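First comes the structure, then the notes that go with it.
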Amino acid sequence: VFSLYGSNVFWHVFYCSKVGKVFIPGLPAPSLTVSNTMPRPSTPLDSVSTPNPLSKLLGPLDEVVLLSPVPELRDSSKLHDSLYNEDCTFQQLGTYIHSIRDPVHNRVTLELSNGSMVRITIPEIATSELVQTCLQAIKFILPKEVAVQMLVKWYSVHSAPGGPSYHSEWNLFVTCLMNMMGYNTDRLAWTRNFDFEGSLSPVIAPKKARPSETGSDDDWEYLLSSEYHRNVESHLLNKSLCLSPLEVSQTRDEDFSQNLSLDSSTLLFTHIPAIFFVLHLVYEELKLNTLMGEGIRSLVELLVQLARDLKLEPYIDHYYRDYPTLVRTTGQVCTIDQGQTGFMHHPSFFTSEPPSIYQWVSSCLKGEGMPPYPYLPGICERSRLVVLSIALYILGDESSVSDESSQYLSRISIAPQKSQAEQEENRFSFKHSTSVSSLAERLVVWMTNVGFTLRDLETLPFGIALPIRDAIYHCREQPASDWPEAVCLLIGRQDLSKQACEGNLPKGKSVLSSDVPSGTETEEEDDGMNDMNQEVMSLIWSEDLRVQDVRRLLQSAHPVRVNVVQYPELSDHEFIEEKENRLLQLCQRTMALPVGRGMFTLFSYHPVPTEPLPIPKLNLTGRAPPRNTTVDLNSGNIDVPPNMTSWASFHNGVAAGLKIAPASQIDSAWIVYNKPKHAELANEYAGFLMALGLNGHLTKLATLNIHDYLTKGHEMTSIGLLLGVSAAKLGTMDMSITRLLSIHIPALLPPTSTELDVPHNVQVAAVVGIGLVYQGTAHRHTAEVLLAEIGRPPGPEMEYCTDRESYSLAAGLALGMVCLGHGSNLIGMSDLNVPEQLYQYMVGGHRRFQAGMHREKHKSPSYQIKEGDTINVDVTCPGATLALAMIYLKTNNRSIADWLRAPDTMYLLDFVKPEFLLLRTLARCLILWDDILPNSKWVDSNVPQIIRENSISLSEIELPCSEDLNLETLSQAHVYIIAGACLSLGFRFAGSENLSAFNCLHKFAKDFMTYLSAPNASVTGPYNLETCLSAVLLSLAMVMAGSGNLKVLQLCRFLHMKTGGEMNYGFHLAHHMALGLLFLGGGRYSLSTSNSSIAALLCALYPHFPAHSTDNRYHLQALRHLYVLAAEPRLLVPVDVDTNTPCYALLEVTYKGTQWYEQTKEELMAPTLLPELHLLKQIKVKGPRYWELLIDLSKGTQHLKSILAKDGVLYVKLRAGQLSYKEDPMGWQSLLAQTVANRNSEARAFKPETISAFTSDPALLSFAEYFCKPTVNMRQKQEILDLFSSILYECVTQETPEMLPAYIAMDQAVRRLGRREMSETSELWQIKLVLEFFSSRSHQERLQNHPKRGLFMNSEFLPVVKCTIDNTLDQWLQAGGDVCVHTYLSGQPCEESQLSMLACFLVYHSVPAPRHLPAIGLEGSTSFAELLFKFKQLKMPVRALLRLAPLLLGNPQPMVM
């Protein structure tokens, strides 16, 4: 069997019964006939060559059966196969089909024996949807063999040469089907006039005889009885020209009206009832698709004919009520012999009452019982969907959608089942479900799962769709933020669906990424800050120009202004020197700017992979007023330190590299491509490499390139690369990176290894790198080596004598990172005595005997430094102190904290460098994390009593003298301890914008500024005060990180202007780092307080600042950039989903309760920096302007984190009638606010022009434009305009724009009824369903449970509709309609003109069919009460009965209410 997969159905083509020929141009025609002269008829064709049968390729076919050769189908009337008489076998010619392969839909490849292949398309089985559906249904119900024969027959008719066009396909199908059922279509009136659009293919009509010379009237008659003629007759033009309708001669019909009988020997004759029933179900299914109206009308004609011949009165009545104009009560009947009715197969599922989907839904809404609704699996999917959704939402039965076999549906199958009589009616009752919202949610989620979309919803008739729309309206108010995209689309929350859609995309550019091509800014010198997102920053800081100010302060690409006054006594040469000295001072500041700029532009740029990254140049020239002459340091007049700019260039490179966002697409080639051609730019490239490590891109750099860079032996490149690679592999214990770092650390190499000459700074970088790679792992060996390295003695001989402090500090920081936060739980390290050893390094004492493998190295003493056998505390103290702080971070370990307490006697104070007191205080506070309180009282409590009692107030002129107290020591100790406490406050509240912490730190910063200008500042020493001020300023910036706080900005700006005196490169560095932190990432980033972040910040903000730009003695400058590891994106930017631009929105943030405060709520206006996520319980976008949206963090923070990582874009959707906060800050302009004043006239006052404020939906805007704007001479149309305006107003204010078509359809239907022009009653059915839905019990309960809920449809509109219909029908009754109803009920035919109004009356009032009336015995009724009692079982509404009562009681006057 070779099967083709046609549209949705499997068609089997048998070579044993010939189906047809496919002509293939370019091949000898006969060679391709599939013929039945093959040797074994039962073998599949392709078994000749291909080992695997084709069915495997086709996937699972629903039936692969080998049928025995089927006899040639019986011919009926004109459908003959005369085409296929010649028979050609494969063997006659050299080429024959070898096998068939690659089937796709209806296309296959034929492999010919000569090796060539031909791709052919086999004609479709049917092109029109209607024919396809009917074929599917019939195929489903027929026995397999019959189905195949029927399909083959149809296929050969349909695919005949010059086959039918789309339009006439249906007519062809009907003819073919009825022929197969035994009709003689030539003699049936309505099929005889079918127009096959001239495609008189041989199958349909035999060749016509040559027309006689004289001509005949047949053609004229044919034209007069055609559809086209009927259309023209009813055309307006016809009426206006007063053309009288032509009489069609009746003679022909009379010939035919003789008894037509069915040929009972045809293929489908026995299956007529089954075919009729499934076609009826298809008809009901098509009623649920508003786009299939044309098809339904065609189908009705066929159904009516079959129903008449089968004598099924109830069905004819049913069709009449649906299409009164199409269904005549009388018509041509084809008799079926009584004897042959017995042969007809009446299937078990056949019901004498026609199943009606509208009737079923209506009964559910009224709460009456209904039998299960029959449906064809796979064909009547809409019916199934409607039935189940009504069962779920109206009857509240949650199980209806969960299990397959539902009590609401009866699946039709060929297998016999229990007869309909036994399937008693289920009384469906409304179950009280848990909560209504859950029902609506269940419904919406279920519908999405079965693939129901908005397009499907729009094609459902409005009455059927109403309950579903009601559920959607429910869900739209408070959806869950984690619903899949499809559900959000269905409920019309584009904001959520877009969020869900972007959530699935890989990290990449978001809406907010500004795409500024790098070429645009050429005319303006590039200062490295052009790529910031202005749009978001202008929303965050909308009132002032602080961002431009920051940009001005941080730019280093323009020459500085050198303002020196030339006094008369200065010679010109001296004046030039003076200017250059001044420039040298200013350059200290310029060189310190890039670190701050890197913070400001952090992760703000997506580079173009075809262009190198633009690095702004560091401009160290100046301009002197008034003539704007250039001042240059290279003139040779003054001494400039060598290599002065090397670190500044490095920082400049880092700043440029940190602009690249982590989500950018970057590869190894691009990194290498950026390598500069000139050697003097090597330092910038080294910084660029470090930056790539910090934002995670360095992992993409090939190992080969890394080694290539390291072998160059360029010190800066090695530093940048080692730190970068380590930061990229943070905490991974990556082996290859460990090897890379170990080469640069002698202590990690085996003692016998070759002595490598590694520059000191590279060793420092490598040690910190080890700390980063092993962060938090508590790796035993690493910890042991690092512990020893803190106290590494100088030597042997000339080695390790310079800058030992920075190495010891690096080892301490690295040890702290490795054991980060482990406290006393350092597993397997108890023998190392880490805390005791660190304590000894901190306070001094005898050096322990050097243990381990490196004993040999230190045998020979250093030739430069004589240290003896005690520990040099000046070298080891800072590293050890910070290591203790990090190991015991947040552990609140009192015993360790007490070691770090500041000494409280003068004698002990003299032994400690005041500077180290800052570190000790900081370390102590970090250990006692939970004790830190944001007030100045707590800060002062860290100062020992002796200092507090004897500290001098700096404003006094006289200094008290005292022998045993060293005032200088005391005052220095005092300021450093205060600074240390302030710094710890900054760490504790980093990125929190805590107000009390801010106020406290701001007060201390102001204090230090006043101390600096105090008369006796010299006692404390300006350098010490500057250091402390810088520390306090940095802690202020940490607390306010990313917030751009104005007061802190003012402090930074003031300090930016101070350039003389003690202000050196290091202090400028600190001040501009504070400025950068304040605007971290352009306000998108903030600092985290996780352990890892604190470790990174300790490295970056180490409070000893370099004295000049090449100073790395105490702290390696490259470490200043590690703040990146503590930065996290926390800016939430609401983006309006319609305009795709950032906007303001009100957020409600709920904090979890902690030991310091209860659970609290706070309102923030986004875009805003969120607090740290672990502190939050939920975030909610609040109304009334935007649709509410809830992000619940108790389920996990992953969802929010992914939003924040993608530039924090949170899509929001404006509600109707609201303006954004930017356009209307106070909310006084919104349309709803305006209408409060005049409630009653709101619809009249509604101007269609203002609709644009309500909605951005182009359809609604156009509706307002074309249907609601008054034009000249309106008169009678004014009333419609008003109605449309008020409907539009209602829809947009209640935010149900999807109801607009329903309102209009109802209005149009009512008007049509009033004009007596109803040709079909489906719209009346829909209105009836709408009215029943709103009066249904489930809806009433919902309204009681949610009194605040907006009305889904206008409460004033429905009663008016109802009243109008009642009036129209009552007037018709009084004007002679009652007679018509009476004749109908007594079973006589009515007059033509009244048919359509009668059908409307019957449908609207649910009048039972006449066949039901005799059963309840109406004849003898005398009173209304008696009637009421008898009609109870027919479930007829009382108001309808009131109108019928006079007719039934024999009283001619109807009792119209």
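Quick caveat: nothing in here was measured; it's all calculated off a predicted structure.
Counting heavy atoms from C-beta outward, Val361 and Ile394 have side chains that stay 4.5 Å or more apart. Residues Ser383 and Leu288 form a side-chain contact, since some pair of their non-hydrogen atoms from C-beta on lies under 4.5 Å apart. Side-chain contact between Tyr183 and Val174 is absent, with no heavy-atom pair separated by less than 4.5 Å. In this structure the side chain of Val450 never reaches within 4.5 angstrom of the side chain of Leu388, judged on heavy atoms. At a threshold of 4.5 Å between non-hydrogen side-chain atoms, the residues Val282 and Val278 do not count as touching. At a threshold of 4.5 Å between non-hydrogen side-chain atoms, the residues Thr325 and Met1318 do not count as touching. Residues Leu130 and Leu286 meet the side-chain proximity criterion, which asks for heavy atoms closer than 4.5 Å. Between Phe173 and Cys134 the shortest side-chain heavy-atom distance falls below 4.5 Å.
Of all heavy-atom pairs spanning Thr1383 and Cys1380, the tightest one is OG1-O, 2.6 Å. Residue Pro1408 comes nearest to Leu1385 through the heavy atom pair O-CD2, 4.3 Å, listed as atom of the first residue, atom of the second, then distance. Closest non-hydrogen pair, Leu395 versus Cys364, comes out as CD1-SG, 4.0 Å. Nearest heavy-atom pair, Pro372 versus Ser410, reported as atom, atom and distance to 0.1 Å: CB-N, 3.9 Å. The shortest heavy-atom contact between Phe462 and Ala1305 is CE2-CB, 3.4 Å. Here the closest non-hydrogen pair linking Tyr375 and Arg411 is CE2-CG, 3.5 Å.
Aromatic ring pairs are classed by plane angle as parallel below 30°, tilted from 30° to 60° and perpendicular above 60°; the pair Tyr319 and Phe276 is perpendicular. Tyr373 and Trp360 have perpendicular rings, their planes meeting at more than 60° on a 0 to 90° scale where under 30° would count as parallel.
Of the candidates Phe277, Phe140, Phe349, Phe140 is the only one forming a side-chain contact (heavy atoms from CB on, under 4.5 Å) with Leu376.
With values rounded to the nearest 0.5 angstrom, Gln136 atom CD is found 11.0 Å from Ile125 atom CD1. Separation of atoms CG (Leu312) and CD (Glu353) is listed at 11.0 Å; rounding is to 0.5 Å. Ile357 contributes atom CD1, which lies 9.0 Å from atom SG of Cys380 (distance to the nearest 0.5 angstrom). Separation of atoms CE (Met1397) and CG (Leu1395) is listed at 12.0 Å; rounding is to 0.5 Å. In this structure, CG in Leu299 is found 10.5 Å from CD in Glu284, a value given to the nearest 0.5 Å. Taking CG of Asn289 as the reference point, atom CD of Glu129 lies at 7.0 Å (rounded to 0.5 Å).
For the pair Ser298 (side chain) and Glu294 (backbone), a donor-acceptor distance under 3.5 Å is present. In terms of modelled atom types and a separation under 3.5 Å, the side chain of Asp456 and the main chain of Thr453 share a donor-acceptor contact. Proximity of a side-chain donor or acceptor of Ser356 to a complementary backbone N or O of Gln359 within less than 3.5 Å is detected. In this structure, the side chain of Tyr155 engages the main chain of Pro123 through a donor-acceptor pair within 3.5 Å. Using modelled atom types, one side-chain atom of Glu169 and one backbone atom of Thr127 make a donor-acceptor pair closer than 3.5 Å. Without hydrogens or angle criteria, Arg382 side chain to Glu285 main chain gives no donor-acceptor distance under 3.5 Å. The closest donor-acceptor contact from the side chain of Thr1321 to the backbone of Leu1324 lies at 3.5 Å or more, if one exists at all. Panel note: side chain Gln132, backbone Ala126; a donor-acceptor pair is recorded below 3.5 Å. A distance-only check finds a donor-acceptor pair linking the side chain of Glu381 to the backbone of Gly378 [under 3.5 Å]. Judged purely by atom type and a 3.5 angstrom limit, Thr290 uses its side chain to pair as donor or acceptor with the backbone of Thr459.
Applying the side-chain hydrogen bond (donor to acceptor under 3.5 Å, both in side chains) test to Tyr315 and every residue at least two apart in sequence or in another chain returns nothing. Residues passing the side-chain hydrogen bond (donor to acceptor under 3.5 Å, both in side chains) test with Arg321, sequence neighbours excluded: Asp317, Tyr1384. For Glu1332, the side-chain contact (heavy atoms from CB on, under 4.5 Å) partners two or more places apart in sequence, or in a different chain, are Ser362, Leu365, Lys366, Lys1328, Leu1329. Under the ring-ring contact (aromatic ring centres under 6.0 Å, His included) criterion, His318 pairs with His280, not counting sequence neighbours. Residues forming a salt bridge (charged side-chain N to carboxylate O under 4.0 Å, His left out) with Glu1317 (at least two apart in sequence, or on another chain): Arg1315. For the side-chain hydrogen bond (donor to acceptor under 3.5 Å, both in side chains) test, residues two or more places apart in sequence or in another chain that qualify with Tyr358 are Gln1326.
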Would you sort out whether His271 and Ile141 count as a side chain to side chain contact (heavy atoms under 4.5 Å, CB included), showing the intermediate values? CA-CA 9 Å; His271 301 289; Ile141 207 66; over 6 Å; no
Let's go through Ile390 and Ile464 carefully: what are the C-alpha distance in whole Å and the side-chain angles of both, what is the deciding distance for side chain to side chain contact (heavy atoms under 4.5 Å, CB included) to 0.1 Å, and is it a yes or a no? CA-CA 9 Å; Ile390 294 285; Ile464 296 279; over 6 Å; no
Do Val300 and Asp322 pass the side chain to side chain contact (heavy atoms under 4.5 Å, CB included) test, and can you show the C-alpha distance, the side-chain angles, and the key distance before you say yes or no? CA-CA 9 Å; Val300 158; Asp322 280 347; over 6 Å; no
Quick one: do Gln149 and Leu267 satisfy side chain to side chain contact (heavy atoms under 4.5 Å, CB included)? Show the steps, please. CA-CA 8 Å; Gln149 292 181 43; Leu267 176 69; 3.4 Å; yes
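The pair Glu458-Arg455 does not meet the salt-bridge criterion, since no charged nitrogen lies less than 4.0 angstrom from a carboxylate oxygen.
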